[in-house]
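In what follows, a structure is listed as structure tokens, so that the remarks can point back to it.
We count ligands from 1, going down the list as the structure has it; atoms in each ligand are counted the same way.
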Amino acid sequence: MRLLLVEDDPLLGDGLRAGLRQHGYTVDWLRDAASAEAALASEHYALMVLDLGLPDRSGLTVLKQLRQRGDDLPVLILTARDTVEDRIRGLDSGGDDYLLKPFDLDELAARLRALLRRHSGRADNTIQHGELALNPVAHAVTLAGRPVELPPREYAVLQLLLENSGRVMSRSRLEESLYSWDGEVESNAIEVYIHHLRKKLGSDLIRTIRGVGYIIDTLS
Ligand code: CA
């Protein structure tokens with residue numbers, strides 16, 4: 001799952017990127033408002049973690065612009081400013097949640113999961129599809145109650161398809177969710193992951209829409 005981290009502090013940013021990667025996110029880390037706005041205009045993210053004190057302008061302007069475009073990307077605000085007014089301003093500008101520095105990485109990760117859950121309208125964390133279940137908290141997949149071991153990238157492909165069931169995901173959309181900008185994209189990687197997923201989960205789960213992408217159909 002691809003996450004945009006906007007944080008100008010090099011130590012904190014580096015620590016957050018490493019920590020969030022361990023929690024299974026693909027992290028794009030940017031350090032100022034201008035690059036964040038450019039990235040938001042051209043890339044797909046599942047989440048944004050946004051520092052308010054950025055070198056060029058306040059993170060609040062990034063947030064306001066995003067909401068003015070009608071984008072409902074879940075946003076968690078990070079700030080060192082500890083006044084009630086600042087918190088209210090952050091939430092009123094379209095922030096979904098709020099953490100004061102310093103904070104605990106596990107708490108951040110838990111809040112991000114809660115944001116994703118609320119955003120997708122799920123009451124609990126598990127995505128159920130027939131006999132297949134995916135639990136993002138445990139990073140676990142089961143088929144008819146039996147655990148299925150998936151490498152991180154196969155897991156990420158499956159998660160994106162399941163979260164968007166009924167919608168075709170293009171190959172580039174799937175690739176985007178897997179790699180940060182510094183990552184390598186092998187040309188047939190997605191086909192390979194899909195092939196493995198079909199072998200492990202059944203050949204009829206993921207349908208190929210020729211020339212467009214892949215889809216997991218919603219169950220009627
Ligand atoms: Ca800052």
Side-chain angles (χ1 to χ4, degrees), residues 1-120 125 136-137 139 152 156 159-160 163 175-185:
M1 185 165 296
R2 196 165 177 205
L3 179 150
L4 178 61
L5 169 64
V6 189
E7 169 61 66
D8 61 312
D9 183 295
L11 268 182
L12 180 59
D14 197 44
L16 277 175
R17 178 170 59 177
L20 289 168
R21 277 181 175 166
Q22 283 188 339
H23 279 271
Y25 295 101
T26 300
V27 181
D28 287 347
W29 173 25
L30 300 174
R31 296 154 196 243
D32 59 68
S35 12
E37 280 162 6
L40 286 166
S42 65
E43 310 290 327
H44 288 284
Y45 294 101
L47 280 171
M48 172 161 66
V49 174
L50 178 67
D51 176 35
L52 289 190
L54 296 172
D56 47 351
R57 48 188 175 273
S58 164
L60 283 182
T61 60
V62 177
L63 187 54
K64 283 180 186 157
Q65 220 181 62
L66 183 77
R67 298 306 185 221
Q68 273 162 14
R69 285 208 309 271
D71 194 323
D72 66 347
L73 173 71
V75 176
L76 186 140
I77 293 170
L78 298 178
T79 184
R81 289 185 268 169
D82 188 12
T83 69
V84 174
E85 291 77 26
D86 281 328
R87 285 183 236 182
I88 293 172
R89 202 174 304 139
L91 294 170
D92 278 349
S93 302
D96 298 287
D97 200 1
Y98 214 93
L99 264 184
L100 281 178
K101 297 176 185 176
F103 52 84
D104 182 86
L105 181 68
D106 288 333
E107 181 180 2
L108 172 64
R111 284 173 181 261
L112 292 176
R113 286 195 297 270
L115 278 188
L116 285 173
R117 202 162 60 224
R118 290 208 292 275
H119 188 67
S120 64
N125 281 295
V137 174
H139 243 258
Q159 183 174 8
L160 188 72
E163 285 180 329
E175 281 172 355
E176 251 182 41
S177 75
L178 291 184
Y179 303 99
S180 300
W181 292 333
D182 52 357
E184 262 176 64
V185 183

Among residues two or more places apart or on two chains, list those pairs meeting salt bridge (Lys or Arg N to Asp or Glu O under 4.0 Å) that have a residue in residues 105-114. D97-R111, E107-R111
Would you please name every residue forming a salt bridge (Lys or Arg N to Asp or Glu O under 4.0 Å) with R69, sequence neighbours left out? none
Could you enumerate the protein N, O or S atoms under 3.0 Å from the Ca ion (ligand 1), written like residue then atom name? D8 OD1, D51 OD2, G53 O
Side chain to side chain contact (heavy atoms under 4.5 Å, CB included) partners for Q22, two or more places apart: none
Heavy-atom donor-acceptor pair, S35 side chain to R31 backbone, under 3.5 Å: no
So, does D56 use its side chain to make a donor-acceptor pair with the main chain of A33 at under 3.5 Å? yes
How far apart are the closest heavy atoms of L12 and F103, and which atoms are they? CD1-CZ, 4.4 Å
